Amino acid sequence: MSIQIQVPVLGESVTEATVAKWFRQPGEPVNADDPLCALETDKVTLEVPAPANGSLGEILVQEGETVNVGAILASFVAGAGAAAVKPVALRPVAAVAVSVAAAPRALAVGESPLAPSVRRIASEFQIDPALVAATGKGGRVTKGDMLAAVSQPAPLVAKAPPAAQNAREERVRMSRLRKTIARRLKDAQNTAAMLTTFNEVDMSAVMTMRDQFKDVFFAKHGVRLGFMGFFVKASIQALREIPAVNAEIDGEDLVYKNYYNIGVAVGTPSGLVVPVVRDADMLGFAGLEKAINALGVKARDGKLGIDDMQGGTFTISNGGVYGSLMSTPILNPPQSGILGMHKIQDRPIAVNGQVVVRPMMYLALSYDHRIIDGREAVTFLVRIKECLEDPQRLLLDL
């Protein structure tokens with residue numbers, strides 16, 4: 001029975017995608033739910049699965065071509081599939097090191113296809129996917145498996161072939177996601193009257209509270225008590241007092257949001273993404289940490305959906321995880337404010353006339369001056385500072 005493989009619904013306001021990669025060639029057998037191809041949209045990369053056991057028929061849209069929702073990508077012949085085919089042996093390290101950076105090739109029968117994100121990480125870090133412990137469906141190596149392998153010692157790492165060592169330049173087509181990130185960030189600079197105000201916060205109280213309760217918190221809730229939950233809570237307190245920071249400009253109107261969908265910026269091999277914790281004001285610390293952790297795992301594994309990244313009203317970006325001491329974050333349009341966290345570093349400060357060493361963090365608030373006045377921006381950052389230096393204010397809603 002012949003089946004048409006169509007471009008699925010991509011999400012609200014997303015109508016087209018680019019065919020990034022075909023994992024199978026015509027005539028190759030596949031099992032139900034095995035990925036046939038990867039589609040790249042402005043926001044996410046998603047895989048189109050096989051509808052049943054069978055084989056891929058004629059490919060109608062080639063890699064690099066743009067398609068609309070509902071377009072026919074290929075034909076598919078439902079049949080016995082490849083479930084009973086014995087897997088082929090793993091390839092040697094040297095062969096994999098060459099193939100991940102080379103032109104696409106036809107997979108051997110029964111071999112699990114490598115997703116684009118897996119191939120990118122394998123090429124960038126020279127990691128042999130054949131030696132990585134696979135946790136994906138059907139024994140597939142996932143992006144998460146590859147990222148976990150990055151931190152492993154030498155056995156997983158293959159040296160680049162001499163030809164790669166001699167190459168002085170490499171030209172790679174920019175992905176739709178990367179182009180969208182570039183366009184949106186530049187639009188934010190061109191459109192908004194953007195500037196940044198700074199402050200610093202003594203993290204002693206938050207760190208003491210975490211040390212005191214982290215074990216019992218994990219035992220009860222099954223999730224680690226991190227810093228981000230404190231910053232989300234403090235931001236919500238400040239947003240309630242300074243509603244302009246939670247608003248946006250729509251034409252000649254100001255739209256004030258009476259809900260708090262907090263975006264948490266996450267760096268991935270494909271680029272920066274901002275999954276959203278919806279109605280964050282309705283969650284306690286445990287709920288926030290679980291939501292943030294779940295979104296982080298989905299981002300790491302390349303499984304974020306478009307719905308995960310829409311509807312944010314305010315964004316928090318943590319450059320401190322990479323060692324940044326201070327930065328000026330760029331707005332995430334159409335939002336009017338973004339909070340930048342940075343590295344916690346021991347510094348001498350004056351307390352009650354005495355010089356003491358405290359764990360300090362610089363905070364940065366970039367904001368759109370068209371809607372937020374300087375007084376409001378400074379007050380917003382001061383409120384966050386007050387909440388973090390006295391975390392009991394968060395519990396008492398002060």
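Since the structure is predicted, the reported quantities are computational estimates derived from the model, not experimental observations.
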Nearest-0.5 Å distance, [atom1] of residue [X] to [atom2] of residue [Y]:
X	Y	atom1	atom2	result
L36	K21	CG	NZ	13.0 Å
L239	F380	CG	CZ	4.0 Å
M194	I338	CE	CD1	9.0 Å
K298	D308	NZ	CG	3.5 Å
R383	I242	CZ	CD1	7.0 Å
S336	I372	OG	CD1	5.0 Å

In the single-linkage hydrophobic clustering (I, L, V, M, F, W, Y; side-chain heavy atoms under 4.5 Å), do [X] and [Y] co-cluster?
X	Y	result
V245	V382	no
M209	V223	yes
V274	L365	no
I236	L225	yes
V276	L288	no

Heavy atoms only: give me the nearest [X]-[Y] pair and the separation to one decimal.
X	Y	result
P35	E47	CB-OE1, 3.6 Å
P8	V48	CD-CG2, 4.1 Å
N261	R278	OD1-CA, 3.3 Å
A291	V277	CB-CG1, 4.1 Å
L325	K343	CD1-O, 4.4 Å
G229	I292	N-CD1, 4.4 Å

Are [X] and [Y] side-chain neighbours, meaning at least one heavy-atom pair lies under 4.5 Å?
X	Y	answer
V232	M228	yes
M361	L388	no
S366	I330	no
I344	F227	yes
L39	V19	yes
L73	V67	yes
F198	L363	no
F76	V30	yes

Is it the case that more than 12 heavy atoms not belonging to [X] sit under 6.0 Å from its [atom1] atom?
X	atom1	result
Q354	CD	no
R224	CZ	no
D346	CG	yes

Check whether [X] reaches the backbone of [Y] with its side chain - one donor and one acceptor, N or O, closer than 3.5 Å.
X	Y	result
Q335	G312	yes
D253	V255	no
D202	M360	no

Return the orientation label for the H369 and Y367 ring planes: parallel under 30°, perpendicular over 60°, tilted otherwise.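 Judged by the thresholds at 30° and 60°, the geometry between H369 and Y367 is perpendicular.
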Start with the C-alpha gap between K257 and F314, add the side-chain angles, then the distance that decides, and say whether side-chain contact (heavy atoms from CB on, under 4.5 Å) holds. CA-CA 10 Å; K257 311 295 181 64; F314 182 75; over 6 Å; no
Evaluate K290 against L283 for side-chain contact (heavy atoms from CB on, under 4.5 Å), listing each step before the verdict. CA-CA 10 Å; K290 289 178 180 178; L283 301 175; over 6 Å; no
Check step by step if side-chain contact (heavy atoms from CB on, under 4.5 Å) holds for L56 and E28. CA-CA 6 Å; L56 183 63; E28 288 192 47; 5.5 Å; no
Less than 4.0 angstrom from a charged side-chain N to a carboxylate O is my criterion; do R375 and D373 meet it?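 Salt bridge absent between R375 and D373.
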All ring pair (Phe, Tyr, Trp, His ring centres under 6.0 Å) counterparts of Y362, not counting sequence neighbours: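 With sequence neighbours excluded, Y362 shows a ring pair (Phe, Tyr, Trp, His ring centres under 6.0 Å) to no residue whatsoever.
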Which of these, V201, V321, I316, sits in a side chain to side chain contact (heavy atoms under 4.5 Å, CB included) with M341?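 Answer to the side chain to side chain contact (heavy atoms under 4.5 Å, CB included) test with M341 among V201, V321, I316: I316.
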Ring-ring centroid check F285 F213, cutoff 6.0 Å: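 Not close enough - the centres of the two rings lie 6.0 Å or further apart.
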Test side-chain contact (heavy atoms from CB on, under 4.5 Å) on V266 and L295; report intermediate values, then the result. CA-CA 9 Å; V266 179; L295 290 171; over 6 Å; no
